[in-house]
Structures are given as structure tokens and as C-alpha cells.
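We name chains A, B, ... by the order of the sequence lines, and we start the count at 1 in each one. Treat the numbers as computed from the prediction; the structure is a model and nothing was measured.
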There are 2 protein chains.
Amino acid sequence: MSTTTLWDVSANNQPHRGHPARSTLADVARLAGVSGSTASIAFSGDGSISAATREKVLKAAAELNYYGPDPRAKSLRQGRSGIVGVVLEDRIIHSFRDPMTIAALDGISQEIGEGGGMLLLTATGVGEPSIQTAVFDAAIFLGCSPHLAGSITVMRQRNVPMVAIEGQHFDGVVAVDLDNRKAAAVMAQHVYDLGHRLVATVTLPLDARRELRALTPADLETATTAVSRDRLEGARAVYPSVTGFVTSTSSSDDGFAAALLLLDVAPDARPTAIIAQSDLIAVGVIRAAEALGLLVPHDVTVVGFDGARIEGFTHHDLTTMVQPATEKGRAAGRAVTELLAGEASPDVAFTCRLHVGDTAAPPTAVAR
Amino acid sequence: MSTTTLWDVSANNQPHRGHPARSTLADVARLAGVSGSTASIAFSGDGSISAATREKVLKAAAELNYYGPDPRAKSLRQGRSGIVGVVLEDRIIHSFRDPMTIAALDGISQEIGEGGGMLLLTATGVGEPSIQTAVFDAAIFLGCSPHLAGSITVMRQRNVPMVAIEGQHFDGVVAVDLDNRKAAAVMAQHVYDLGHRLVATVTLPLDARRELRALTPADLETATTAVSRDRLEGARAVYPSVTGFVTSTSSSDDGFAAALLLLDVAPDARPTAIIAQSDLIAVGVIRAAEALGLLVPHDVTVVGFDGARIEGFTHHDLTTMVQPATEKGRAAGRAVTELLAGEASPDVAFTCRLHVGDTAAPPTAVAR
DNA sequence: GTAGACATTCGAATCGATTCGATTCGGTAC
DNA sequence: GTACCGAATCGAATCGATTCGAATGTCTAC
């Protein structure tokens with residue numbers, strides 16, 4: 001029935017495979033001549049115990065090569081494993097390549113790790129069933145789509161606290177939000193105010209399809225990825241009919257490819273500004289522009305989103321919306337901590353800040 | 001006693017906090033009118049059961065909002081949690097910034113994730129105790145130092161299979177190695193063969209200290225990070241007295257800073273080649289050279305290590321030793337899978353390949 | 001001398017499932 | 001009609017600890 005042969009339990013059934021039989025707390029207690037409860041206290045430290053007894057227990061433990069309670073049993077009894085699940089939308093490698101995800105993960109690990117918690121990474125999609133079999137105390141969804149509805153039901157039933165960073169809002173899931181829509185509108189307005197009228201956009205993936213393709217009007221309807229949809233809506237608030245491309249992932253390669261298609265056209269059809277939905281994409285766009293012999297911002301204005309510090313991109317100061325990415329992660333981590341402590345935790349909303357760099361300028365009057 | 005108040009269990013003791021009491025498999029069995037064992041089979045699927053009975057159980061489960069067995073209890077009984085611990089040397093954020101670590105993680109997750117396993121990230125250091133309380137079936141050490149000896153003892157006693165990628169060799173820990181020493185020597189020889197006699201190196205961190213500093217002869221003795229030590233030894237095999245700088249982390253910023261110190265000197269004291277221990281560092285070195293008005297490779301040869309594809313570094317083709325980073329991760333993942341299946345798994349050794357790019361050339365005869 | 005307070009220690013129940021050996025039962029073969 | 005077989009189901013033990021209430025022992029106070 002189960003397709004996951006890798007974790008087949010049968011291999012585990014052999015009583016002992018050459019190794020000396022593992023000793024348990026009960027063995028230790030027996031050797032030390034105390035009850036199991038006392039031995040437990042000797043290790044956990046909560047409950048009163050005389051120094052002599054503890055000594056005796058620890059000595060017995062050393063003798064039996066017993067190094068402390070089995071985490072599995074402990075977690076069953078206590079209902080706590082110290083593990084926080086982080087659910088990523090993408091395949092793990094994609095997430096790792098996105099500086100914003102990394103920053104959020106870092107923020108999470110700062111808060112969680114400090115308290116001795118650990119991070120369990122999971123991705124939705126192929127391995128989705130695993131999320132239901134996972135031993136974790138709380139879950140953080142990182143930019144996840146509605147796919148999750150089922151899993152969320154399960155976790156809710158298990159009383160597993162949940163936090164969603166920039167995802168769809170679900171009942172009983174603490175939201176850590178970013179004002180993507182508004183920020184994208186602010187940025188678009190900035191470009192508009194500079195005088196640009198013919199602009200294009202390069203968006204992040206809008207749904208599960210992972211391929212670079214032209215943005216179609218239908219995309220807004222069918223979009224499942226909240227972040228990209230919101231940013232696109234923000235841009236459309238200023239440029240209602242903006243078109244462009246949808247990337248397969250937030251990368252400068254995709255930005256490069258998209259920009260080649262957008263910019264390698266007759267000068268009077270060429271957009272005077274490109275609004276990229278991420279800094280990584282923006283960098284690719286700039287690189288493509290320069291490869292085509294265009295100057296940024298003289299010939300084309302390029303703006304990004306995120307405020308990522310991009311390794312190796314130093315000759316420009318990108319105009320972008322700076323978001324508090326690490327802070328988002330920390331907020332999620334704190335929320336989890338609070339929820340696990342039995343406290344309520346309010347939703348949090350973060351805002352972006354416009355950073356005016358040197359990649360946006362008024363359009364140059366060409367033959368138009 | 002325990003300092004980890006965050007995961008305090010007390011908050012969990014409240015019987016039910018507004019939520020309806022969680023139902024268990026026993027409740028389901030009772031409602032369905034079957035025994036617990038039968039109900040278990042209805043979910044797990046191994047064991048024979050009539051379709052009618054299964055149906056009855058699933059219906060009862062639905063009625064009680066029971067969504068499947070509690071992973072904690074399951075893992076206790078089966079002795080398997082489906083979790084593979086990945087132990088990182090550094091703070092998590094540092095690891096995330098290193099493309100080689102990311103690649104290895106990706107490789108691991110490819111192999112592990114495919115079988116339904118999950119990745120639990122931990123770092124040594126502050127949270128070290130946690131490694132002993134962690135619920136995992138196997139552990140992968142990613143470039144870890146001898147700090148771990150204690151933890152390894154514990155895991156060994158628990159029969160937790162272990163794999164170390166490029167770490168110190170421990171008994172009973174499968175090694176996935178890279179020929180760092182030899183590859184570094186090959187690279188140094190390449191530089192030597194080009195005619196360079198005055199060279200400097202910029203190394204990765206050699207021990208727990210995380211600061212940019214001058215490389216001293218004592219460093220080789222006290223080095224605890226195997227990778228950096230091996231690469232340094234490789235370079236010394238060709239240039240026995242090579243000096244230079246030790247970075248705080250693999251980053252182009254540190255490479256930049258180190259290179260400024262190395263290159264901003266009188267031309268006849270300036271090294272004609274710089275051997276960087278990572279591509280990230282090499283990129284920083286090249287950037288610094290160019291900032292000083294030096295041409296690469298005309299004025300200074302720069303070589304790296306790793307074969308990382310660096311975002312935004314396109315105007316040069318770095319001469320470097322290419323390592324199969326993702327493949328290392330996959331090998332580790334496979335090893336874990338085999339070990340968990342009860343099979344033996346041999347050590348694996350990977351080799352690097354010299355990639356000759358355009359950043360290394362014979363030295364130009366200056367006034368020397 | 002005895003009651004009460006306090007610190008230790010113990011026994012047994014519990015966490016929530018899985019699993020193994022035994023049992024039941026309908027059906028087939030002779 | 002009896003013997004036997006396989007499929008379905010059940011009961012009870014088990015995984016390895018934690019925890020709570022009860023029992024024991026010690027010391028102080030009056």
C-alpha cells in the first residue's frame with residue numbers, strides 16, 4: 001500500500017544487528033537499584049532527588065552506555081518534540097536559491113533555535129503525504145498556496161499551531177503578512193511619476209506551472225501564488241493593462257531571458273521601464289538590457305522588489321521596494337513560540353519601503 | 001535545570017484548550033465496533049482486512065475527525081520517524097549563504113525526499129544539546145569539526161546511522177569525501193606551471209574563530225576544519241611557505257577585503273597570483289583587483305575552488321577546481337537510505353576536476 | 001512523645017499507536 | 001462428516017519514557 005519503501009520498518013525488526021542491545025532507562029534504574037520514576041528525575045531534573053541518588057543513577061547509566069532518554073518515547077509522553085516544521089512551496093532547491101526564503105528561514109531559526117527548537121524542512125507537492133506523518137509541534141508555511149488546505153485540516157485537528165508567512169489566510173492560522181499589493185502599487189506609481197507610460201513587467205511564478213512564458217490576462221484569475229498575484233495587482237492598479245512575462249522561478253537567468261524578449265524589439269515598441277517582481281529578476285533584466293547595448297536607466301528604467309543584497313551586483317544601486325525579510329521569519333518564529341506556550345498570537349503585517357537607487361529615471365524622448 | 005523554557009511542556013498540560021478533545025485510534029475502533037488492531041490495519045494497510053471493515057473504520061474516523069495515527073506514537077512503536085538530521089557546522093544562516101552547502105543539501109533532499117523522508121536542520125554550537133534530544137533516524141554531518149565527538153558517541157549508542165560529508169573520519173560513520181588536498185595541489189601546480197613564484201592564498205575559516213585575519217604558520221597546526229586545512233596543505237605541497245589571509249566565511253566580501261590587503265602594495269611585493277579556497281572568495285578577489293586598477297589575469301592571476309555558478313559573475317570564466325557538490329549530497333542521501341535498510345554502505349570518495357578558465361595566465365615580467 | 005512539615009522515593013497509569021500469536025469462521029477436499 | 005486451510009479479526013504485550021498520587025522516612029516544634 002505504502003509506496004515509501006525507503007523507510008520500511010521491516011529492516012528495523014532485527015533485534016540487534018551486531019550492536020550490543022540498546023539499554024533503556026528501565027535497565028539503568030534496575031542497575032542503580034531505584035525505581036524508573038526516580039531514574040527519570042535524575043535525568044530530567046524536575047522533581048526533587050538527593051545528590052547521592054542522582055550520582056548513583058548516572059553512574060549506572062555510564063556503565064550501561066546509556067546517554068539519556070529516547071527522544072521518541074519522550075515526545076510521545078510529553079506531546080512535544082521540539083521540532084517546528086517549515087513547509088515550503090517549492091522543491092527545496094528552489095527555495096534555497098531564493099534570497100528572501102533564505103532570509104526568512106534565518107529569521108525563523110534565530111527565534112526557534114534560541115529556545116532549543118529545530119527546523120524540519122518539507123516541501124509540498126510530491127512528498128505531501130509526509131506532512132501528515134511528520135512529528136512536529138508547530139508548522140510554518142512559507143509562501144504556500146491553497147494546496148495545503150487538506151494538510152491544514154489535519155494539523156488543526158491535531159492542535160498543531162500554524163503560522164503562514166505571506167500565504168492565503170486560513171482560519172486558525174496566524175498570518176505574517178507583507179503589504180505586497182500596496183508596495184507594488186507604490187513602486188508602479190513611482191515609475192509612473194517619472195513619466196513612463198509604456199512599461200512591462202516580469203513576474204514571479206503565478207501558479208504551479210514552472211516555465212517562462214508570456215503573461216496573459218487570464219493569469220490573474222487563475223493565480224494561486226498570493227505573493228505574485230498581489231504584486232501584479234499592485235502594478236495593475238497603476239498600469240491596468242500592463243503585460244510582460246511570467247518566470248519559472250525568481251532568478252536572474254529568467255529575468256535575463258524575459259528581458260531579451262521584451263527589449264529586443266523596434267525602439268518605438270520597446271518599453272521604457274520594466275517592473276520586475278524580484279531583485280533577482282531585475283538584475284537579470286538589467287544584464288539583458290546592457291547586453292543589448294541599452295543603458296540603464298537612460299534607455300530603460302528597471303525596478304525590482306525585495307531589497308536583496310545580490311552577490312556580484314555592484315555597479316548599480318537598484319531602485320526597489322525593500323522588505324524586512326528576516327524580520328518576517330523572526331515574527332513567525334515568535335508567533336510559534338507564543339502559540340506553543342499556550343498564548344494567543346496576533347497576526348502581524350509588515351510593510352515595504354521604497355528605496356530609490358540609480359536604475360530608474362524619466363524616459364528619454366525617442367522618436368515617439 | 002533545563003534552560004529551554006520555550007518548549008516547556010507545562011503549557012501543554014491543559015486538557016483541552018477550547019478544542020474538542022482529540023480522538024485517538026482507540027476511539028475510532030470503539031465507534032466502528034472493531035478492535036484496535038483492526039483499526040490500525042485499516043489505516044496502515046499492512047495486514048489483511050475486508051473492504052467492508054475498512055470502510056466502516058474510515059467512516060468512524062471521519063465522524064470523529066480522526067485523520068490518521070499520531071506520528072509520535074507511531075515513531076515510538078516502529079522506531080522510525082522518517083526524519084534525517086542534517087548537522088551543520090555553522091550557524092544556519094552562514095550555511096545557507098554557501099552555494100556548496102546548498103548544493104549538498106539539495107542532493108540530500110533529492111535522495112531522502114524521494115523516499116518520503118524529511119530533513120531536520122541543526123547546527124552545532126549553541127544548540128548542541130538538542131542534537132541529543134532530536135528525533136531522527138539518521139544523521140548527516142556536513143563539514144563538521146571534532147566538536148561532534150560527543151554527539152557521535154550518543155548516536156552510535158542509539159544505533160543511529162551516520163554519514164559525514166567531508167568531515168573528520170569517525171569509526172562507524174560513513175565518509176563521503178572529496179579529494180580536497182590533492183585537488184588543491186593540482187591547482188597550485190597549475191599556477192606554478194604557469195610560472196608564478198610569488199603567490200598568496202585566501203583560505204576558508206580554519207577553526208571556530210570567525211574573523212578575517214592574516215594566515216599564520218601556527219594555523220595549520222590548530223586547524224579544526226578539515227576542508228580548509230586540506231586545501232591549505234595541498235597548496236603548501238607546491239608553495240611550502242605560502243601566506244595570505246583567513247576569511248571569516250566563504251564570501252566575496254571577505255575575498256575582496258583580503259585581496260585589498262594583499263594587492264594594495266608596492267608592485268614588486270605584490271603576489272602575481274592569488275589562490276582562493278572558494279569561488280566566492282575568488283570573485284571578491286577579482287573584484288578587488290579590478291577596483292585597484294589591476295587586470296585579471298594580466299596583472300594578477302586568480303584561481304578559485306568549487307566550480308560554483310556565481311550569480312552575477314559573468315565577465316570572467318574563473319579557473320577553478322570543479323567539485324561535484326550536489327553529487328556529494330546525493331551520495332550521502334543514498335548512504336543513509338542503505339544504512340536504514342540495514343545494508344552496509346561503503347565510504348565514497350569524489351574527485352575534483354580542473355577547469356581552466358580565463359583568470360589564470362603566466363605572470364607578466366614587471367620590474368622584478 | 002507525637003503531630004506536622006518536608007524531602008525522597010516508589011508504583012502504576014499513561015501517552016497512542018503497532019504487532020504477534022491465537023482464535024474464529026466460512027469454504028473446500030476427500 | 002471430518003479435517004484442513006486461509007482470510008479476517010481480536011487481545012494483549014510492547015515501544016521507552018514521564019508523571020501523579022501515595023508511601024516512606026527524617027527532622028523540627030511544641
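Note on B:Ser37: every side-chain N or O is 4.0 Å or more away from OP1 and OP2 of D:dG11. Residue B:Ser50 has a polar side-chain atom (N or O) positioned under 4.0 Å from OP1 or OP2 of D:dT9. Under 4.0 angstrom from either OP1 or OP2 of D:dT14 there lies no side-chain N or O belonging to B:Gln78. Side-chain N/O atoms of B:Arg22 include one lying less than 4.0 angstrom from OP1 or OP2 on C:dG16. Between A:Ser35 and C:dC10 there is a side-chain polar atom (N or O) within less than 4.0 angstrom of OP1 or OP2. Between B:Thr53 and D:dT9 there is a side-chain N or O to OP1 or OP2 distance below 4.0 Å. Contact between the side-chain N/O atoms of A:Lys74 and the OP1/OP2 oxygens of D:dA17 is not found at any separation under 4.0 Å. Dashed line: the shortest gap from a side-chain N or O of A:Thr38 to OP1 or OP2 of C:dC10 is under 4.0 Å. A:Thr24 has no side-chain polar atom (N or O) that falls below the 4.0 Å cut-off from OP1 or OP2 of D:dG16.
Separating the CG atom of B:Asp46 from the P atom of D:dT9 is a distance of 15 Å, rounded to the nearest angstrom. Taking atom CD of A:Gln157 as the reference point, atom P of C:dG16 lies 11 Å away to the nearest angstrom. A:Arg77 places its CZ atom 8 Å from the C1' atom of C:dA13, with the value rounded to the nearest Å. Protein atom CG of B:Asp137 is 18 Å distant from nucleotide atom P of D:dC15, rounded to whole Å. With rounding to whole Å, B:Leu25 atom CG is found 19 Å from D:dC15 atom P. Atom CD1 in B:Ile41 sits about 11 Å away from atom P in C:dC20, given to the nearest Å. In this structure, A:Leu76 atom CG and D:dT19 atom P are separated by 12 Å, rounded to whole Å. Computed from coordinates, the A:Arg30 CZ to C:dC10 P distance equals 14 Å when rounded to whole Å.
Salt bridge status for B:Asp137 with A:Arg72: present, with a side-chain N to carboxylate O gap under 4.0 Å. Salt-bridge formation is detected for the pair A:Arg22/A:Asp70: a Lys NZ or Arg NE/NH1/NH2 atom is positioned less than 4.0 Å from an Asp or Glu carboxylate oxygen.
Between the side chain of A:Ser23 and the backbone N or O of A:Leu64, at least one donor-acceptor pair lies under 3.5 Å. Remark: side-chain polar atoms of B:Glu338 are not paired, donor with acceptor, to backbone N or O of B:Glu343 under 3.5 angstrom.
By the 4.5 Å heavy-atom criterion applied to side chains, A:Ser40 and A:Leu25 are counted as neighbours. Residues A:Leu31 and A:Glu63 form a side-chain contact, since some pair of their non-hydrogen atoms from C-beta on lies under 4.5 Å apart.
Between B:Lys56 and B:Ala73, the residue whose closest nucleotide on DNA chain D is further toward the 5' end is B:Lys56.
In this structure, B:Phe43 has its ring center no closer than 6.0 Å to that of B:Tyr67.
When distances are taken from the side chain of B:Ser48 to each of D:dT19, D:dT9, D:dG16, the shortest belongs to D:dT9.
A donor-acceptor pair shorter than 3.5 Å can be found between the side chains of A:Asp177 and A:His169.
For the helix from C:dG1-D:dC30 to C:dC30-D:dG1, the terminal axes (five pairs an end, C1' atoms, rotation from four pairs onto the next four) enclose an angle of 50°, given to 10 degrees.
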